Amino acid sequence: MNTQKTTITNCEKEPIHIIGRSQAHGVILVCNPISLEITQCTENAEQLFGLSVNHLLGQNLAILISSEKISQITEKLDQGKNLLPDEEVINNSKFLIIPHFSQANLILDFEFAGIDLPSSINQNLLPSILSEIENTKTIPEMCKLAVSQIKNLFEYDRVMMYKFDDEWNGEVIAEIKEIHLESWLGLHYPARDIPKQAREIFLKQGVRIIADVNFITSKLIPEISPISNKPLDISRSELRSVSPIHIEYLQNMGVGASLTAAIILDGELWGLLACHHYSPKFINYHQRQTCKFITQVFSNSLSVKTTKTFLHHMEASEEVRKKLVLQMESISNIKDSLLNFSLKFTDIIECSGGAFYQEGKLKLVGITPQKEDIMDLLRNFIFKKDEEVFYTKNLKAHYVKAKTYTKFASGILSLRLKDAKNSFLLWFRPEISETVTWGGNPEKIGFIKEGVEYLSPRKSFEKWTQQNAGISKQWENYDLQAVAALQESITYIIVKKQRDEILDLNDQLIVANQELQTFNYSISHDLRAPLRGIEGYARILRDHHLEGLDDYSKKAINTIVSSAEDMDRLIEDILSYSSVGKTNLNREILSIDKMIEDILLKQNMAKHFPNTSIILASEFPKIEADRRLISQLLNNLIGNAFKYSSKSLKPLVEIGYIKKEKENVYFVKDNGIGIDPNLNHKIFDVFSRLAGDEYEGSGIGLAIAKKVVDIHQGELWLESNLNKGSTFFFSIPNPVN
Ligand code: ADP
């Protein structure tokens, strides 16, 4: 036995598959599969077979087994058939020869045949054991049953079901033991207790025994395989020795023998069935096969139950989701519907608390970190994430400040809602060790022998607790699916609500708009009559009774006349603005050249703006549009161009067009006062004026122009810079028939 002191940190590096040693209850013998020449053998051959290794090496296998069996073996090997275990008596002991291949080596484990279970077990007991396993309802119930069945069958002092988590930490989830032994149920162990290569071997081999923890190991001679010229991989040998670290671990616990069977789910190690005996104990190959068979049935049933558990979780969260949807549909505010009822969004998955963030406000549910801490986490971490869903069971590893509140939020799942309000839902999970309980006396921790620290179950548990500080239970696939489904529902409801709101608003707008137009029209119309009266009488006063009045009164009467004229123009403009779109579009093919000519004449531009030069394109492309409206549009654009360039040094107005593949673009350009580009979005609003009082106007002309273009589903825009002139462009698409 290797007596060198080892510590737990060496474990991961140990090459246990090429350990090159056997346990004491049999001999590992290696042959050339073609010649059946013995190439390697463990040194205990001398003790068990009465033949020294030196004597055996180079000999034919026939030195150990009958010629009849040799010919059976050769026949099978020639035909490429599998070799099966077979019995042989050597040196007065009955051995079971268990064959397998490793690279090009034929490995034969000569193991003591031992005593078989009574055949009644195989015939009667096994079927009932299997059906009992399959009939259990839950995984914990099945584990409990399996450990007690194995204990009854093989009579180990302690039988445990050990389950791995996603990081290969383990937990004893079921246990049955002799009454005097301390219970390990509920204890957790760090991943390195069963290192990766040991787990790989379990996965390959299924069931392994250590018949006597204090056995003397036997070296394979020679160490290097003469066939493959490498250390021989004996990971599948039944007799393979065990890691000295593992042996020390067992010895420290006072264990005398062990049996371990792999529980495999979806091709991965799910857990181990671990049996301990407090004195040496050997169960033979056939019994181990029985155990392997039971664990296989267990694994199958586990697979069925895991799927059921998944579905069960999905169903439960689906129930909650449906109820939440009803809540969301019944009240208008999504936030309230997720928080203010007895059923909350946190009920959809397992968590200790949650938070809802929307537009700078945070609402908390259940057990959570402080508000300020969550705000800080959101601002400095969650908001910066690109993904909609983020989850971790170890938040502090991503965000250091989370160290201070691992008790409440070691794990976090965050979900960004698609509601344009930057809303987030958060679910929290506390530190898992907070929720772990363990049996027995936690003070009895660890072994220290000659200054070296050794693991014991309790020491391991302590290590596990340290390692898992600040780590929560992991988020399962079904948690993520439930949250994704909730997000979809929320998005659907938000979109639906938004659509309903928009439709509602639209209806209201249509009504309001109609009312406004009628109101506008009647006001403008009704105002005109008294205005006419005022204007008429003021004119009579001005034209016939001005003489004899003092200057102040003369000025007052002139102001009344001009104000009344201004007001009349304003009412005229308001009237024409509100009348745009009142009647149906009356489209016809229009000659723009003619229209422009009329406008220039009617507005008497030559007289009013004698200094202004004008450049006119010839043969404007025609437009199919409403004559009256297009005329209003051009009137306003051309009028403005003359007006706002009149004070330039050499006023210039250009009216032209740009030919385009789809619809042509018409423009009216001037070199006048221009418009500040930062304000140019405002000028299309009613009554919006940027120019000073030296330019007459009501601020309605461009609003009319915009309305005309909109009604024709066209576009109106401008390019302008202050003091550099403006160009107004418009395009009117051809009507779709
Ligand atoms: P207004 O009766 O004041 O001309 P409009 O609705 O036609 O009203 O125009 C709104 C405002 O846009 C004007 O008051 C003026 O400030 C600006 N504007 C319109 N056309 C021009 C232009 N060609 N050059 C400079 N400013 C203009």
Side-chain angles (χ1 to χ4, degrees), residues 516-517 520 524 527 562-581 592 595-596 599-600 602-605 608-609 611-617 628-658 665-712 714-731:
L516 206 68
Q517 288 203 9
N520 258 346
S524 314
L527 272 179
S562 71
S563 296
E565 281 168 2
D566 281 356
M567 196 161 174
D568 193 51
R569 260 197 306 277
L570 183 62
I571 291 174
E572 178 66 40
D573 285 350
I574 294 177
L575 266 178
S576 53
Y577 177 75
S578 51
S579 68
V580 173
I592 301 295
M595 207 174 251
I596 295 172
I599 290 168
L600 294 175
K602 271 192 197 148
Q603 290 203 21
N604 207 352
M605 295 307 192
H608 292 309
F609 304 99
N611 298 331
T612 305
S613 316
I614 177 156
I615 304 175
L616 260 182
R628 195 178 54 83
L629 295 180
I630 298 297
S631 163
Q632 270 180 295
L633 165 70
L634 285 170
N635 250 304
N636 281 307
L637 296 184
I638 295 172
N640 280 350
F642 275 91
K643 182 164 63 176
Y644 293 110
S645 63
S646 58
K647 296 194 169 70
S648 298
L649 207 57
K650 283 186 178 167
L652 177 68
V653 172
E654 184 184 348
I655 310 172
Y657 66 90
I658 305 162
V665 173
Y666 301 81
F667 65 84
V668 180
K669 185 175 177 182
D670 65 65
N671 63 349
I673 59 170
I675 296 164
D676 180 350
N678 294 323
L679 300 173
N680 66 17
H681 59 279
K682 286 185 142 194
I683 55 169
F684 296 107
D685 294 345
V686 184
F687 300 129
S688 153
R689 305 207 66 223
L690 302 178
D693 284 346
E694 69 268 34
Y695 297 95
E696 271 187 2
S698 61
I700 293 177
L702 285 181
I704 294 177
K706 179 86 174 76
K707 214 167 163 189
V708 168
V709 172
D710 283 350
I711 286 173
H712 285 88
E715 276 183 74
L716 172 64
W717 69 102
L718 76 148
E719 279 171 12
S720 182
N721 268 316
L722 217 46
N723 302 323
K724 294 211 169 114
S726 319
T727 311
F728 284 81
F729 301 88
F730 72 90
S731 65

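Everything numeric here is computed off the predicted structure, so don't read it as measured data. Numbering of ligands and ligand atoms starts at 1, following listing order.
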So if I count the atoms of ligand 1 from 1 in the order they appear, which ones are less than 4.0 Å from some heavy atom of [X]?
{"X": "R689", "value": "1 (P), 3 (O), 14 (O)"}
{"X": "G699", "value": "1 (P), 2 (O), 3 (O), 6 (O), 8 (O)"}
{"X": "G701", "value": "5 (P), 6 (O), 7 (O)"}
{"X": "S726", "value": "22 (C), 24 (N), 25 (C)"}

What part of [X] sits under 4.0 Å from ligand 1 if we count only heavy atoms: the side chain, the backbone, both or neither?
{"X": "A691", "result": "both"}
{"X": "S688", "result": "backbone"}
{"X": "I675", "result": "side chain"}
{"X": "I700", "result": "backbone"}
{"X": "I673", "result": "side chain"}

Original post:
Relative to each other, are the rings of F728 and F684 parallel, tilted or perpendicular (30° and 60° limits)?
Top reply: perpendicular

Taking only non-hydrogen atoms of [X], do any sit less than 4.0 angstrom from ligand 1?
{"X": "K643", "answer": "yes"}
{"X": "F728", "answer": "yes"}
{"X": "G672", "answer": "no"}

Original post:
So among I615, L637, L616, which one has a side chain to side chain contact (heavy atoms under 4.5 Å, CB included) with I655?
Top reply: L616

Original post:
So between L702, L718, L637, whose heavy atom ends up nearest atom 6 (O) of ligand 1?
Top reply: L702

Original post:
CD of E654: more than 12 outside heavy atoms within 6.0 angstrom?
Top reply: yes

Original post:
Is a side-chain N or O of S688 found less than 3.5 angstrom from the main chain of K682, in a donor-acceptor match?
Top reply: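 Side chain of S688 to backbone of K682: a pair is present.
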
